[in-house]
Structure formats: C-alpha cells, structure tokens
Amino acid sequence: MELVKELPAIFEEFSEQRKNSFIPMYELKQKGVPVVGGFCTYLPKEIPMAMGAVMVGLCSKTGETIPDAEQDLPRNLCPLIKSSYGFAKTDKCPFFYFSDLIVGETTCDGKKKMYEMLAEFKNVHVLELPNKKSEMGTQLFKEEIKRFKCVLEEQFDTTITEDDIRKSIHIVNEQRKALKEFYGLQKMDPPPMGGMEMHKVLDGVQFRFDMPKATADVRALTQKIKDEYDPKKYEGRKRILLTGSPIGCSTAKVVGAIEENGGVVVCYENCGGARSVDELVDETNPDVYEALAKRYINIPCSCMSPNPGRLDLFDRLLEEYKIDGVIEVVLQACHTFNVESYKIKKHVTEKHNIPYMYMETDYSSTDAGQVNTRVAAFIEML
Ligand code: BJ8
C-alpha cells in the first residue's frame, strides 16, 4: 500500500482489500501455507498464526447467497448466518474454498446449529466458548484453547510451541494498538474522517495477510490523517456511536444515512471496532494460554450472559468520544443483541442522558428509505 497516495485513494484501497486478497491467498496456498477461516472475534487467532497459518474472516456480508442458504435454513434466521452458510454451500467465496479448516465457536444458537450443517461438507472445528465471564469460564476457555492447539497440531502435522504463541501475541497486540490509535483519532472534535472511511480501514485490514506490514501501513495512515487534519470538514456534525450486531453490507446504508443527514460516526462499538480491538493480551503473563483466555473471554458480546462489560465499555466510549447520540442496529432475528438493547437503551439514556435510537435491518436495501427517514429525524432532534 503506497502511502504517498491521497487519503481518498488509500481509504478506497482498504475498501477493495477483501477482493484484492483473492490472488495473494491463492499464491499462499500454492506455497503450502495453511489457511484457517473463522467467523468470530472470540477466535484466538494467535494460535493458528503461531503455526504460520493465514487467518481469514469468513463472516459473509452480502445477501447474494441467502436464497441458496434458505433452501436448507429457515428464512427467519439472522442474515449473517444465512449468508455465510450460502457462500460456503455455493463455494462462491474463495476464502471458504481455500480454508483448510473452518473454526466456529459456541456463541449464538443460530450459528451453533449452522456449524453442524456446515460440518457435513466442510472441515469444521467448533470452539466451546463459555457464555459467562467468570473464573470457571476463563479456566474452561483456557483448556479449550489448548485443545484447539492440539487439533491444529494433529491436522497440520506440526508443533506449536509457547514461544511461537508468544511471538504471535505480540504481533497481534501491535496491530490492536495501531488500530486503537487509528480509530482513536475520532476523539478529536471535530473528527478528522467520516465513519465510512474509518469502516473501510477497520474492515479491510482484516484481509491483509502480512500483519506487521498492515500494522505499519495503519500507523502511517494515522500519521497522514493527523498531518492533513482539516477541522472544517466535519465541523458542526452530531457525533454518533454505532452499536449492535455486525451489520456487514448494511453499514453503507446506515452510515450513509447518518452522514447525509448532519451526523458523523465517530465510534463503532461493534466487532471490528472497539468491542473486539480494545483490549490487549497480557504479554507479561508467563502462561500464554491463560493470557489468551482472559483477554478473549472479556470481549463484551451480547452472547455473554450477563454482559456487564459492554456497559463499562459504553461508559468509557460515550465520554471519550463526546457522543451526542447512540444508534443501535440489530440484524433481523439476532436475539441476543435484540434483547440486550433494552439494557443498553436504559444505560445510555438514564445514566448518561444521551439520546438512543434502535433499528432492525437485514442485508437488503428495501428499507433504505425508512432507515434514512428515521436517522434524519433522530439527528434533527439531537
Ligand atoms: S463476538 S458479535 S462476531 S458472536 S450471528 S450474534 S448477528 S444472530 S455475529 Fe458476533 Fe462473535 Fe459476538 Fe462479534 Fe446476532 Fe447473527 Fe448470531 Fe451474530
């Protein structure tokens, strides 16, 4: 990635990254590099990386293969699950095709049941994630991470040492730090970039397979944005925090509506944003498995029950990013985020006295007009 380019061209390059990674992935396969595909931020990517594997995200973000998925899955299921299954079934996504192993995790019920079906035609391993953050939950997850290491060693006929894991913990932590510094730029008032630009980088970086190089590029981009800061660009805009389910291709629909109507997304409390990047793995802990288990089980996804960590994260983000309004977007049939929205609304409006809006959507564009009208009315009222 050439950082001598103008900022819009760099954002565009990140946006195209997923598509541009198909050929590099093919070349890595030709060289015999193992490919591990995953769906969730609870997957400790440091373990496959420690054996030299490339990790790739498989969460599908378009509605293209939903009709194929609906031949096997119920229609009233979360679009993320249907789309992911559809891409695997039709082999339309090269990342599914190239993955030697697909790793699922016991998060929401829809995903768990989908993995059972996926395992009928793909090589699938499911991580048993305890749905409660507790001492026992952390112990269980630590054992589960060790089991995952053994599965990889057996399937790929290799040995993963603790030193290898320690190295990959450091590499991933460096990327987390760089990303935090990047999205932390939005604490500036007015912010230096739009929410869609920020999203392009957060999403695109996941498809850069040379992690240290990608981290260096994110750092250089952060510096370039600081150097070229124009306070007039987003002056007077209402500062929005976006939360809820991972919304994939609906991001453009929702963020577009926010930014066309006088707002700007300054913070993503979603996977890909603060929820999944915020915390580092403790590099000083001599027990690498414990360090990983503690960090990963702390991710405040609504699959955890109870999930007080998400409220704590809100306390911090609302203040640090000087939020004017919170918009929660939940995918159709995503029960955990849907139910938890009650607590989030109460917390945001009663404890912080900040306006909150909830909306449900799917991967289609049929509700784009309605989304735009509701967002415009919400921002008008701030
Ligand atoms: S850590 S948010 S990536 S589980 S699939 S829960 S949208 S009904 S994706 Fe997720 Fe991991 Fe949590 Fe993040 Fe709802 Fe759909 Fe389930 Fe979903």
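Order of listing sets the numbers, starting from 1, for every ligand and every atom in it.
For ligand 1, the atoms sitting less than 4.0 Å from at least one non-hydrogen atom of Arg275 are 2 (S), numbered in the order shown with element in parentheses. Numbered from 1 in the order shown, with element, the atoms of ligand 1 that lie under 4.0 Å from a heavy atom of Phe337 read 2 (S). Within ligand 1, counting atoms from 1 as listed, the ones closer than 4.0 Å to a heavy atom of Ser245 are 7 (S). Counting the atoms of ligand 1 from 1 in the order shown, those under 4.0 Å from a heavy atom of Ile81 are 5 (S).
Nearest protein heavy-atom contact of atom 14 (Fe) of ligand 1 is Cys334 SG, 2.3 Å. For atom 16 (Fe) of ligand 1, the nearest protein heavy atom (residue, atom name, distance) is Cys108 SG, 2.3 Å. Closest to atom 10 (Fe) of ligand 1, if we only count protein heavy atoms, is Lys111 NZ, 3.8 Å.
Lys132 and Ser305 are not linked by any side-chain donor-acceptor pair at a separation below 3.5 angstrom, with hydrogens and angles left out of the test. Side chains of Thr65 and Asp68: a donor-acceptor N/O pair is absent below 3.5 angstrom, by distance only. If you check the side chains of Arg310 and Thr243, you find a donor sitting under 3.5 Å from an acceptor. Counting only N and O atoms by type, the side chains of Tyr296 and Glu46 include a donor and acceptor under 3.5 Å apart.
In terms of the salt bridge (charged side-chain N to carboxylate O under 4.0 Å, His left out) criterion, residue partners of Lys19 (sequence neighbours excluded) are, by chain and number, Glu16. Under the salt bridge (charged side-chain N to carboxylate O under 4.0 Å, His left out) criterion, Glu143 pairs with Lys146, sequence neighbours left out. Listed by chain and residue number, nothing satisfies the salt bridge (charged side-chain N to carboxylate O under 4.0 Å, His left out) test with Arg18 (two or more places apart in sequence, or in another chain).
The closest approach between His335 and ligand 1 stays at or above 4.0 Å for every heavy atom of the residue.
Screening the protein for N, O or S atoms under 2.8 Å from atom 11 (Fe) of ligand 1 yields 1; no waters enter the count.
At a threshold of 2.8 Å, atom 15 (Fe) of ligand 1 has a backbone or side-chain N, O or S atom of Cys78 nearer than that distance.
Using cut-offs of 30° and 60° for the angle between ring planes, the Tyr115 and Phe39 rings count as tilted.
Note: Phe98 and Phe22 fail the aromatic proximity criterion, with ring centroids not under 6.0 Å apart. Less than 6.0 angstrom separates the ring centroid of Phe207 from the ring centroid of Phe95.
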